[in-house]
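In what follows, a single structure is set out as structure tokens and then discussed.
Order of appearance sets the numbers: ligands from 1, and atoms from 1 within every ligand. Because the structure is predicted, anything quoted here is derived from the model rather than measured.
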Amino acid sequence: MRIFSGIRPTGGLHIGNYLGAMKQWIALQDTNECVFCIVDLHAITTPYDPKELQKNILETTAVYLAAGINPDKSVIFVQSTVKEHAELAWLLGTITPMGELSRMTQFKDKSKQHKDYVNAGLFTYPVLMAADILLYKSQGVPVGIDQQQHVELARTIAKKFNQKFEKIFPEPETILPKTGAKIMSLTDPKRKMSKSDDPKSCISLFDTPEQITKKIMSATTDSGKDITYNITKKPGISNLLTIYSLLTDRSVQDIQKDFEKKTYSEFKKSLAEVVINYLEPFRRKQKELQTRDVYVKDILEKGANRAKIIAETTMKEVREKMGLA
Ligand code: AMP
Ligand code: TRP
């Protein structure tokens, strides 16, 4: 299967990004043809610092590599270096109903969050995302649950193109993790963990052991004393149990048993240790890659060259079917 996914290089990727999206990528790359993109054109639809963007791109690439994405197997590249993304986005925009775009919850959320930055790019963001996916004729899109609506729109756009012109696109499907599709904030477990929130609410993949311990020990828990999974009554503890389970590959029931007569504080201490140990290789690899910009840039260049071959072929076909060539 051809797989496509991407993450915005907005700095400070967190364990929600990792558990919701990237962890699946690693598993998928063994048996599928995977294309993983650093979506800089999407990143600029919300406020950003142009001076930081290149640094964030390299840092996000380092995260991909540190997490275990193998550049010999999977294609890793930066969206803006393959011009066909922007071109296809324009063409697909001409068959995307405005009504569909107005329904997108991310647009509604982000335009509330950045009231003085509601630009047309933010509105047509899902069209560019559809172009990303369809350019590679991708069949599977591994993402967290917040992106499901966008993948469904990509499917609608693919169907429309196939009906209006000629059937050339597969209808892409969302691939969600069984658990972890929505990791919640540490300070407000009713909201999703997000890098634009309070730093205390979110564990970055490169937090130091001290930062991790501090954040987990002060994470919001619930009334009562038991360490049991119950999303409605105990959203805080349930979120921590989910993270514990995903990072140790053990079932929540098993972990609950371990902590049957233990306190919240004992549980949190143990979780902090789990997170610190899990993220240790990320910190190490990140440090190592920071001194190897040339190597990282070389991976991106090779990735872009591989991506271009597929992208150019699809665009040629699209232009022909749409009467532009
Ligand atoms: P973004 O940082 O918005 O570019 O997101 C990159 C990927 O991480 C997407 O597939 C998101 O669905 C996923 N993601 C972001 N936040 C979370 C979260 N709190 N829990 C699970 N997945 C998430
Ligand atoms: N919109 C996605 C996010 O915010 C990132 C993204 C851009 C993406 N293009 C994509 C994800 C294509 C999957 C497929 O997380």
Side-chain angles (χ1 to χ4, degrees), residues 2-25 28 34-46 48 56-57 59-60 63-64 67 75 77-80 82 85-86 88-89 92 104-107 109-110 113 121-155 157-158 172-197 201-205 235 239 242-243 246-247 307 311:
R2 172 76 57 70
I3 301 287
F4 186 98
S5 194
I7 292 187
R8 290 170 303 135
T10 39
L13 293 197
H14 55 73
I15 54 167
N17 297 130
Y18 175 73
L19 295 172
M22 222 180 268
K23 195 163 176 252
Q24 303 194 80
W25 301 2
L28 285 164
C34 294
V35 182
F36 298 123
C37 188
I38 291 130
V39 290
D40 53 349
L41 297 176
H42 280 111
I44 61 173
T45 58
T46 43
Y48 76 104
N56 285 339
I57 288 173
E59 201 180 284
T60 306
V63 178
Y64 282 21
V75 176
F77 74 105
V78 181
Q79 187 184 33
S80 66
V82 178
H85 287 253
L88 184 58
L92 295 181
M104 297 292 118
T105 50
Q106 181 175 294
F107 175 72
D109 290 348
K110 295 233 152 116
Q113 210 178 342
L122 189 62
F123 188 66
T124 56
Y125 181 115
V127 183
L128 178 58
M129 184 160 158
D132 296 343
I133 297 167
L134 300 183
L135 198 47
Y136 301 91
K137 299 198 174 176
S138 318
Q139 292 137 297
V141 185
V143 284
I145 208 156
D146 62 323
Q147 293 302 315
Q148 187 168 28
Q149 197 184 30
H150 289 163
V151 182
E152 270 159 22
L153 179 58
R155 213 181 147 81
I157 296 175
E173 299 208 17
T174 315
I175 303 177
L176 291 175
K178 279 194 203 78
T179 42
K182 192 171 183 186
I183 298 293
M184 309 310 278
S185 149
L186 295 183
T187 47
D188 180 0
K190 294 242 157 75
R191 289 156 57 99
K192 81 165 182 159
M193 184 178 281
S194 161
K195 52 194 159 196
S196 49
D197 274 353
S201 69
C202 154
I203 298 174
S204 146
L205 293 177
N239 187 40
T242 301
I243 297 173
L246 288 167
L247 295 184

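- Note: no N/O pair closer than 3.5 Å links Val143 and ligand 1 by distance alone.
- At a 3.5 angstrom cut-off on N or O pairs, Gln147 does not count as close to ligand 1.
- On a distance-only criterion, Ala21 and ligand 1 share no N/O pair closer than 3.5 Å.
- The side-chain heavy atoms of Leu246 and Ile183, taken from C-beta on, include a pair separated by under 4.5 Å.
- Per-residue contacts place Ala181 under 4.0 angstrom from the following atoms of ligand 1 (heavy atoms of the residue considered): 20 (N), 21 (C), 22 (N).
- Among protein heavy atoms, the minimum distance from atom 12 (O) of ligand 1 is reached at Asp146 OD1, 2.4 Å.
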In sequence, state the C-alpha distance, the side-chain angles, and the governing distance for Lys110 and Thr45, and then conclude on side-chain contact (heavy atoms from CB on, under 4.5 Å). CA-CA 10 Å; Lys110 295 233 152 116; Thr45 58; over 6 Å; no
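- A side-chain donor-acceptor contact under 3.5 Å links Lys195 and Thr10.
- A salt bridge (charged side-chain N to carboxylate O under 4.0 Å, His left out) check over residues 5-19, counting only residues at least two apart or in different chains, returns nothing.
- Residue-to-ligand polar distances place Gly16 within reach of ligand 1: an N/O pair is separated by less than 3.5 Å.
- Residue-level proximity to ligand 1 for His14 is carried by the side chain, the only part with a heavy atom below 4.0 angstrom.
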Give every pair made of an N or O atom of ligand 2 and a protein N or O atom lying under 3.5 Å apart, one pair per line with both atom names and the distance to 0.1 Å, or write 'none'.
| residue | atom | partner | partner atom | Å |
| --- | --- | --- | --- | --- |
| ligand 2 | 1 (N) | Tyr125 | OH | 2.7 |
| ligand 2 | 1 (N) | Gln147 | OE1 | 3.1 |
| ligand 2 | 4 (O) | Arg8 | NE | 3.4 |
| ligand 2 | 4 (O) | Tyr125 | OH | 2.8 |
| ligand 2 | 4 (O) | Gln147 | NE2 | 3.3 |
| ligand 2 | 9 (N) | Asp132 | OD2 | 2.7 |

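- Using a 4.5 Å cut-off on side-chain heavy atoms (C-beta onward), Met184 and Pro235 make no contact.
- Evaluation of the salt bridge (charged side-chain N to carboxylate O under 4.0 Å, His left out) test over residues 127-137, restricted to residues two or more places apart or in two chains, returns Lys137-Glu317.
- Side-chain rings of Phe107 and His150 stay apart, their centers remaining 6.0 Å or farther from each other.
- In this structure, Ser185 and Asn239 approach most closely via the heavy-atom pair O-ND2, 4.0 Å.
- Residues that satisfy the side-chain hydrogen bond (donor to acceptor under 3.5 Å, both in side chains) test with Tyr64, not counting sequence neighbours, are absent from this structure.
- For ligand 1 and Gly180, the ligand atoms under 4.0 Å from any heavy atom of the residue are 21 (C).
- The nearest pair of heavy atoms linking Phe4 to Cys37 is CZ-CB, 3.5 Å.
- Under the 4.0 angstrom criterion for non-hydrogen atoms, Lys195 is in contact with ligand 1.
- Side-chain contact between Leu186 and Met193 is present, with heavy atoms from C-beta onward closer than 4.5 Å.
- Within the listing of ligand 1, atoms 21 (C), 22 (N) sit less than 4.0 angstrom from a heavy atom of Gly20.
- Neither the backbone nor the side chain of Pro142 comes within contact range of ligand 1; no heavy atom lies under 4.0 Å.
- Using a 4.0 Å cut-off between heavy atoms, Lys182 contacts ligand 1 through its backbone alone, with no side-chain atom that close.
- Between Val35 and Arg2, some side-chain heavy-atom pair lies under the 4.5 Å cut-off.
- Of the protein's non-hydrogen atoms, the one nearest atom 3 (O) of ligand 1 is Arg8 NH2, 2.8 Å.
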Please lay out, stage by stage, how Leu247 and Leu19 fare under the test side-chain contact (heavy atoms from CB on, under 4.5 Å). CA-CA 9 Å; Leu247 295 184; Leu19 295 172; 3.9 Å; yes
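- Between Met22 and ligand 1 there is no heavy-atom distance shorter than 4.0 Å.
- Residue contacts with ligand 1 do not include Ser194, since none of its heavy atoms lies under 4.0 Å from the ligand.
- Regarding atom 8 (O) of ligand 1, its nearest protein heavy-atom neighbour is Asn17 ND2, 3.1 Å.
- In terms of N/O distances under 3.5 Å, ligand 1 is approached by Gly144.
- Remark: minimum distance from atom 20 (N) of ligand 1 to any protein heavy atom is reached at Ile183 N, 2.8 Å.
- Residues Leu205 and Ile15 meet the side-chain proximity criterion, which asks for heavy atoms closer than 4.5 Å.
- Considering only heavy atoms from C-beta on, Thr46 stays 4.5 Å or farther from Gln113 through its side chain.
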